[in-house]
Amino acid sequence: MAVAALDLTVAAGECFGLLGPNGAGKTTTIEILEGLTPPDGGEVEVLGQPWSDGPPGRALRERLGLQLQETQLADKLTVAETLQLFRSFYRRSHTVDEVLALVQLEEKRGARVATLSGGQKQRLAVACALVSRPELLFLDEPTTGLDPQSRRQLWEIIRRFREAGGTVLLTTHYMEEAERLCDRVAIMDHGKVIALGSPRELVASLGADHVVDFAVTESAGLEHLAAALGGLPGIKAVRPGSDGISLTVAEVHRALPALLALLQARGLELSLLTTHHATLEDVFVALTGRQLRDD
């Protein structure tokens with residue numbers, strides 16, 4: 001079962017993110033909401049309407065913009081020709097010039113799709129989703145595989161759509177993307193929502209601001225070490241892993257000296273020590289014991 005008893009409400013005007021590892025059910029969920037995959041059961045309402053095969057379904061599609069996980073556009077069409085084609089599907093739409101300006105592809109108007117870079121192709125795919133002046137924009141992993149500059153260019157396009165009053169539902173693997181763009185996120189695993197809230201609320205649910213990851217050169221006896229770590233000052237949670245131990249820490253200035261003293265007392269030598277502010281990925285690992293990018 002790809003999606004099990006999922007219950008979601010997305011408010012008008014918000015950016016809502018679906019997070020989770022591969023196989024969590026994110027794409028199935030978004031394709032059901034887009035009307036591309038019929039659900040086996042339950043109710044789906046988009047912009048106040050259920051999906052149907054007749055004129056109501058057609059009218060609803062006019063109000064949506066879709067960017068799929070993989071978009072195959074005609075290589076030999078130009079950027080302008082591609083957008084003109086997509087314009088023809090809708091009763092109302094942006095002009096080609098308007099949508100080119102939205103995604104900053106004016107200089108590529110006459111370029112064939114096959115000549116575009118990966119980031120430019122993604123912007124063109126989003127342009128095809130925006131051409132109908134949608135009220136609701138679905139984005140399925142819009143920045144996967146893009147370089148940092150291209151990713152930020154797409155973030156800016158999404159921000160401008162939001163500022164104009166649009167609603168966004170996106171799936172992503174990138175925690176920074178969700179934290180920057182989303183008002184609320186739902187973390188999915190095995191087809192179910194296991195956490196729901198704003199990025200700030202979910203990170204605060206860990207009960208600590210920092211995460212300390214460390215490993216030692218001698219792995220024997222890590223179970224006993226993990227048990228001892230729980231009693232150190234400032235440490236809220238201990239998560240042993242295959243390649244080290246992760247600590248959720250409220251007071252780094254107290255926890256680190258205590259950790260180093262414990263390792264020295266046991267004759268253990270560090271092979272890795274890193275600290276970072278707690279993120280949505282740490283929330284996911286704390287809930288499931290798995291990394292977001294695990295297959």
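Quantities reported herein were computed from a predicted structural model and do not represent experimental measurements. Atom set for the values below is all heavy atoms of this structure, side chains included, hydrogens, waters and symmetry mates excluded.
- With no hydrogens or angles considered, no side-chain donor-acceptor pair links E269 and T217 at under 3.5 Å.
- The salt bridge (charged side-chain N to carboxylate O under 4.0 Å, His left out) test applied to R200 returns no partner, not counting sequence neighbours.
- You'll find the ring centres of H210 and H276 outside the 6.0 Å limit.
- Under the 3.5 Å distance criterion, with hydrogens and angles disregarded, no donor-acceptor pair is assigned to the side chains of E179 and T279.
- Between Y90 and R61, the side chains place no donor N or O within less than 3.5 Å of an acceptor N or O (distance only, hydrogens not considered).
- Other residues, nucleotides and ligands place no more than 12 heavy atoms under 6.0 Å from the NE2 atom of H277.
- The number of heavy atoms from other shown groups lying within 6.0 Å of CD (E70) does not exceed 12.
- Hydrophobic clustering of Ile, Leu, Val, Met, Phe, Trp and Tyr side chains at less than 4.5 Å, counting indirect connections, unites W155 with L139.
- Ion pairing of K236 with E251 is absent here, as no side-chain N (NZ or NE/NH1/NH2) approaches a carboxylate O to less than 4.0 Å.
- L260 and L247 end up in the same hydrophobic cluster when Ile, Leu, Val, Met, Phe, Trp and Tyr side chains are linked at under 4.5 Å.
- Heavy-atom contacts from other residues, nucleotides or ligands closer than 6.0 Å to CD of Q149 number 12 or fewer.
- Between E62 and R58 there is a salt bridge, since a side-chain N of the basic residue sits under 4.0 Å from a carboxylate O of the acidic one.
- Judged as a salt bridge (charged side-chain N to carboxylate O under 4.0 Å, His left out), and not counting sequence neighbours, E201 has no contacts.
- Under the 3.5 Å distance criterion, the side-chain polar atoms of K26 are matched with a main-chain donor or acceptor of G20.
- Applying the salt bridge (charged side-chain N to carboxylate O under 4.0 Å, His left out) rule to R239 yields no partners; only residues at least two apart in sequence or on another chain are considered.
- More than 12 heavy atoms of other shown residues, nucleotides or ligands fall within 6.0 angstrom of atom CD in E156.
- Looking only at distances, a side-chain donor or acceptor of T95 sits under 3.5 Å from a matching main-chain atom of E98.
- Following chains of ILVMFWY side-chain contacts shorter than 4.5 Å, one cannot reach L8 starting from L137, and the two form parts of different hydrophobic clusters.
- Looking at every heavy atom in both residues, T171 comes nearest to P142 through O-CD, 3.5 Å.
- No path of Ile, Leu, Val, Met, Phe, Trp and Tyr side chains, each step under 4.5 Å between heavy atoms, connects L154 with L18, placing them in separate hydrophobic clusters.
- Hydrophobic clustering places L100 together with V113 (ILVMFWY residues linked when any side-chain heavy atoms are closer than 4.5 Å, directly or through intermediates).
- A salt bridge is defined here as a Lys NZ or Arg NE, NH1 or NH2 lying under 4.0 Å from an Asp or Glu carboxylate O, and R159 with E163 fails to meet this definition.
- Of the possible donor and acceptor atoms, none in the side chain of R184 sits under 3.5 Å from a partner among the backbone N and O of L196.
- Within 6.0 Å of CG on D75 lie more than 12 heavy atoms contributed by other residues, nucleotides or ligands.
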Between E177 and T172, is a side-chain hydrogen bond (donor to acceptor under 3.5 Å, both in side chains) present by the stated rule, with each step listed?
CA-CA 7 Å; E177 185 162 277; T172 182; 2.7 Å; yes
